[in-house]
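See structure below.
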Amino acid sequence: MSLPIQLQERSQIELNVLLERHSSEIAQWSNECREQLEQVLGLSDFIAESLLCDEGLCGHLPQLLSIEHRYKHYRTELLERFSCCSNEEDFLHQLRLFRRQEMVVIAWRDFLQLWSLEESLKHLSELAEAMIVEAYQWQYAVCCEEWGTPCNAEGEAQPMLIIGMGKLGGGELNFSSDIDLIFTYPENGETQGKRRCLDNAQFFTRLGQRVIKALDQATFDGFCYRVDMRLRPFGESGPLVMSFSALEDYYQEQGRDWERYAMVKARVMGCEMYPQYQELRQMLRPFVFRRYIDFSAIQSLRRMKSMISSEVRRRGLTNNIKLGAGGIREIEFIVQVFQLIRGGREPSLQGRGLLQTLQAIEELALLENQDVDTLRQAYLFLRKLENLLQAIGDKQTQTLPDGEIDQQRLAYAMSYTGWEELKAAAFDKMEQVHLIFTDLIGEEDEPENPVAAHYTELWDMANQPDVLISILEQDVGIENSEELASVIAQFKQDLAKKTLGPRGREVLVRLMPKVFDVVFAHKDAQFGLSRVLHLLNNIVTRTTYLELLEEHPGALKQLVRLCTASPMISEKLGRYPILLDELIDPQQLYNPIALEDYRTELRDFLARIPEEDMEQQMEALRQFKQICLLRIAAADIAGVLPVMKVSDHLTYLAEAFVEAVVSQAWMQLTEKYGEPTHLKDREGKGFAVIGYGKVGGWELGYNSDLDVVFMHDCPNNVYTDGKKEIDGRQFYLRLAQRIVHIFSTRTPSGILYDIDTRLRPSGISGLLACAADAFEEYQLTEAWTWEHQALVRARLIYADEPLGKTFKTTREKVLTQTRDPNKLKHDVVIMREKMRDHLSAKKPGRFMLKQDKGGITDIEFLVQYLVLQHSHDKAPLTVWSDNVRILENCAQQGLITDEVARNLIEAYTCLRDEIHHRNLLNLDADVDDSCFVEQRQCIKQQWQQWFNG
């Protein structure tokens, strides 16, 4: 079959350019090879560009193509190439030349269908393994020469095992794939043979970094593979390399479900490493494969299915042959279902390769033969299509092309007469896969109650207000329905101005009667209707979200419930429709993440995004925040969380973000400048973030900003150790600036938090990141009383251990100073009066919950006064930074009675609870003057007692 005309023309252009540069080499080729060349030049830009820039490849490509089972020679040829390398530059050059050479051979055979898909995947996987192993061997020898040989306690040399995950581990790598790796070593110990010893962990960490660099770093010759290390224990925040025992401890104690899935395909690189790996594999087997039939995995698998569906919907991946419905990922997922549920009892299901495992599924009769054959044929088809798609330009993509040239290339290489025929075949196979996928793990939706006919009529007649009023009053039973009828009519008028398309309008016809049914079943429908319709107006052009609500009655019910209860939530859902995915699982929605899990969950959420893609990392941070805020608010509305617990969740969430943002900022700066040299012989970053105010007191609200101070312990005359050296203190200043930038930059999902740093020494005129000794000196000699009041509510929210101890010592030293009681009382009262004058709105007949007399701020000032006045002889008062526990301590220390403490705590939590719920309703923090009379009186009495006025 000859190339289509457009591809022939493209091929001729490429051939002419190639002959201008390498005509003598190509003249030596056989007629068959030249004919094949004319075909592949029209099919693959990657092959054309590679031949053009590599004269040596043109010279011996025919010989390479003539060798069967080339993978058997990969390591030998690499070893031969590396034997001539005298330095790392030569080594990187040869590694990349070899990769290009072999990828051209593979692409050539793929496009001309000179071998089976299995042979192609075998060669791609063996090539990656050979390059990984030989790069490791070369770097291992170099590292041993520099630092000595790593040994265990018995003096036996220790290797580093490189575990390939995903398709690499399964021996089914695709053409332009990332490689997922985990590094480990058998035993701890230290290096031998050099004057200075390194412990094995340090040695292997440095070795691992060099191996990653060898494969991942872009040079003049390009790069070999994008290396992804995020599947390792603790993800990007974990050590780069761990010992066998540390690995075992992690997976047995902390391993999560998704890590079980990943470990199914884990395989050590290099056959010479198999003996050591068998020991590790035996250790990890109980984690991956349960000894019993593990039906407990089903719920996790269903959640994973939901995540797949959300991702497809969110990213509009209708043409994606990997992630789209019925794509490669769903086939892989189906196979993993059986591996995880039955793999512990059926050794044949413990294989890494998908096709191998499919065969076992068929032999065990776990699926109908016809279904297995459908999955097998679909997998072979889609993987072949994926390889060709990526081999066009050596680019990592699974989305079918829009361009006519690439469409023709794929149709020709797949032996189809045209693009539409190929596309139809692909979608047909994906549809068949999706049916099996849904049948296997999907939950059938509960039968829907038929929507009453009058709700359909309500939508059909939405442009006739009189009819709407009649339906609402006679059929729905709403009195005085003019306002609601007006809301519905206005909504439909607004839709007429939007570009919905036929699909969107069809969905609305089915959805709107269901919306009315759920809204009017709610007792507060008069509030909920306008909020729900306002939200729908915001998302109506995004048909996938309308379909989500139409197809998931439970999600629609939660949407109405939350919007009716809180305009804040309805606005958030309208602004960030990605949150609608959270409504699908009510059990998850109304159960926020456990306090201690926010950091881990955030790390996992970020792990799916490349570290270097800062724009997407920043967007992901904000998406995670919006998801968590929705869950916390939902639990708050449902009465699952009392106000103190709401603040705990909001505070722990903020702390997780601080840790993540500091890590991101640190990575960016150290990449450019290296680390300050005073950190060389210690753990940590020499950096702390001190939380003040609400975050310091574990009292964050939904709309709170973060009051923070940045601190470091970098001495003078310290510099960084990177290529671009800067002063150490300048480094920490830039680190603080970068942190503020990451928090405050606006992305499609908003800002992360408003960061207020004005409480630092000398306020806005002071350094953004202050040295620990300067902070202490300022607090002891220059700080105003109000700054010491603020310090009462300060605590560490991020720090390494030495700096953490320094701050705690400083805080205690400052707070426990002996103070002039009259001056302290005067300063506190004056500051309180200033705040009330500036911040109290003085609304007639209204009580401002925070700033008016008898409000929250009075309690806060009273608590701060008691700590500053009495800590010099009652040091336990400085232990806590939140008002409730300080009041409890005041009672224990005899400053106030237990009854007074109880009354003040009750008043404080009562007022805070009201502010929380007014936040949910988007209302100001004031109430009618007749409210909270008893609580206000209690606060005023205590203020009178301690401040005489």
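Below, all heavy atoms of this structure are taken into account, side chains as well, without hydrogens, waters or symmetry copies. Numbers here simply count residues along the sequence, with the first being 1.
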I'd like to know if Arg267 and Glu129 make a salt bridge, using a cut-off of under 4.0 Å between side-chain N and carboxylate O.
yes
Should the heavy atoms of other residues, nucleotides or ligands under 6.0 Å from CD of Glu368 be counted, would the total exceed 12?
no
Rounded distance (nearest 0.5 Å) linking atom CG of Leu559 with atom NZ of Lys557
13.0 Å
What are the two closest heavy atoms between Leu349 and Ile361, and how far apart are they?
CD2-CG1, 3.8 Å
Is a donor on one side and an acceptor on the other found under 3.5 Å between the side chain of Gln617 and the backbone of Ile609?
yes
Please name all residues satisfying salt bridge (Lys or Arg N to Asp or Glu O under 4.0 Å) with Asp394, sequence neighbours left out, ordered by chain then number.
Arg99
If I take atom CD from residue Gln377 and atom CG from residue Leu380, how far apart are they, to the nearest 0.5 angstrom?
5.5 Å
Atom CE of Met263 and atom OH of Tyr251: how far apart are they, to the nearest 0.5 Å?
3.0 Å
Is there a side-chain contact between Ile162 and Val268 (heavy atoms, below 4.5 Å)?
no
Given 3.5 Å as the limit, does a donor-acceptor pair link the side chain of Ser570 with the main chain of Cys563, or not?
no
Give the minimum heavy-atom separation between Leu602 and Ala656, together with the two atoms involved.
CD2-O, 3.5 Å
Determine whether a donor-acceptor pair (N or O, by modelled atom type, separation under 3.5 Å) exists between the side chain of Asp178 and the backbone of Asp228.
no
Does any non-hydrogen side-chain atom of Val433 lie less than 4.5 Å from one of Ile328?
no
Between Asn319 and Thr399: side-chain donor-acceptor atoms closer than 3.5 Å:
no
Nearest heavy atoms of Leu641 and Pro592, plus distance in Å
CD1-CG, 3.9 Å
Under 6.0 Å from the six-membered ring centre of Phe381 and within 45° of its axis: does the NZ or CZ of Arg383 meet both?
no
Does one side chain, of Glu386 or Asn174, offer a donor that lies under 3.5 Å from an acceptor on the other?
yes
Does any part of the side chain of Gln432, heavy atoms only, come nearer than 4.5 Å to the side chain of Asp428, both counted from C-beta?
yes
Checking Glu126 now: which residues fulfil salt bridge (Lys or Arg N to Asp or Glu O under 4.0 Å) with it, not counting sequence neighbours?
Lys122
Evaluate the ring planes of His123 and Trp115, with Trp represented by its six-membered ring, and classify them as parallel (under 30°), tilted (30 to 60°) or perpendicular (over 60°).
tilted
Is a side-chain donor or acceptor of Asn320 paired with a backbone partner of Leu323 at a separation under 3.5 angstrom?
yes
Could you give the distance from CZ (Arg230) to CG (Asp604), rounded to the nearest 0.5 Å?
11.0 Å
Which residue, Asp371, Val372, Ile331, forms the side chain to side chain contact (heavy atoms under 4.5 Å, CB included) with Ile436?
Asp371
Pairwise distance CD(Glu551) to OG1(Thr544) - rounded to 0.5 angstrom
10.0 Å
Find out whether Met242 and Pro233 are in side-chain contact, i.e. whether some heavy atom of one side chain is under 4.5 Å from a heavy atom of the other.
yes
Looking only at atom types and distance, does a side-chain atom of Gln407 sit under 3.5 Å from a main-chain N or O of Pro401, one as donor and one as acceptor?
yes
Only distances under 3.5 Å count here; give the side-chain donor-acceptor pairs of residues 351-358 to other protein atoms, sequence neighbours excluded, each with its distance to 0.1 Å.
| unit_1 | atom_1 | unit_2 | atom_2 | d |
| --- | --- | --- | --- | --- |
| Arg352 | NE | Ala266 | O | 2.5 |
| Thr357 | OG1 | Gly351 | O | 3.4 |
| Thr357 | OG1 | Gly353 | O | 2.8 |

Would a 4.5 Å heavy-atom cut-off, applied to side chains only, mark Thr417 and Leu422 as touching?
no
With side chain to side chain contact (heavy atoms under 4.5 Å, CB included) as the test, would you mind laying out the steps for Leu536 and Met512 before giving the verdict?
CA-CA 10 Å; Leu536 290 176; Met512 291 311 300; 4.0 Å; yes
Would you please say whether a donor-acceptor pair under 3.5 Å links the side chains of Tyr379 and Glu172?
yes
Would you name the heavy atoms of Ile569 and Ala634 that are closest together and state the gap between them?
CD1-N, 4.4 Å
So which atom in Ser120 and which in Ile106 form the shortest heavy-atom distance, rounded to 0.1 Å?
OG-CG2, 3.9 Å
Can you confirm whether Tyr274 sits close enough to Leu161 that some side-chain heavy atom of one is under 4.5 Å from a side-chain heavy atom of the other?
no
Do Ile392 and Phe111 touch side chain to side chain, with heavy atoms closer than 4.5 Å?
yes
Decide whether Tyr71 and Glu119 meet the rule of one side-chain donor and one side-chain acceptor closer than 3.5 Å.
no
Taking atom types as modelled, find out whether Gln390 and Lys395 have a side-chain donor-acceptor pair closer than 3.5 angstrom.
no
For the pair Asp517 and Lys514, find out whether any cationic side-chain nitrogen is under 4.0 Å from an anionic carboxylate oxygen.
no
Could you please spell out the steps behind the side chain to side chain contact (heavy atoms under 4.5 Å, CB included) verdict for Leu284 and Arg281?
CA-CA 5 Å; Leu284 297 180; Arg281 187 164 173 79; 6.0 Å; no
Between the side chains of Glu363 and Gln359, is a donor N or O closer than 3.5 angstrom to an acceptor N or O?
yes
First locate atom CG of Asp406, then atom CG of Leu388, and finally report the distance between them rounded to the nearest 0.5 Å.
11.5 Å
Go through the side-chain N and O atoms of Glu619 and Ser749 and say whether any donor and acceptor fall under 3.5 Å apart.
yes
Sequence neighbours left out, what passes salt bridge (Lys or Arg N to Asp or Glu O under 4.0 Å) with Arg510? Give chain and number order.
Glu550
Quick one: list whatever passes salt bridge (Lys or Arg N to Asp or Glu O under 4.0 Å) with Asp180, sequence neighbours left out.
none
Side-chain touch Leu653/Phe624, heavy atoms, less than 4.5 angstrom
yes
Grab the two heavy atoms, one from Gly574 and one from Ile539, that are nearest each other, plus how far apart they are.
O-CG2, 4.3 Å
With side chain to side chain contact (heavy atoms under 4.5 Å, CB included) as the test, would you mind laying out the steps for Glu259 and Phe287 before giving the verdict?
CA-CA 9 Å; Glu259 289 174 304; Phe287 167 65; 4.1 Å; yes
Under 3.5 Å, side chain of Arg599 to main-chain N/O of Glu596, donor-acceptor pair present?
no
Can you say whether the rings of His434 and Phe437 are parallel (under 30°), tilted (30 to 60°) or perpendicular (over 60°)?
parallel
Go through the structure and list residues passing ring pair (Phe, Tyr, Trp, His ring centres under 6.0 Å) with Phe516, not counting sequence neighbours.
none
Taking Arg232 for the side chain and Met229 for the main chain, is one N or O donor matched with an acceptor at less than 3.5 Å?
yes
Just do the side chain to side chain contact (heavy atoms under 4.5 Å, CB included) check on Trp459 and Thr456 with the steps written out, would you?
CA-CA 5 Å; Trp459 179 242; Thr456 301; over 6 Å; no
Ignoring hydrogens and angles, state whether a donor on the side chain of Ser415 or Gln113 is under 3.5 Å from an acceptor on the partner side chain.
yes
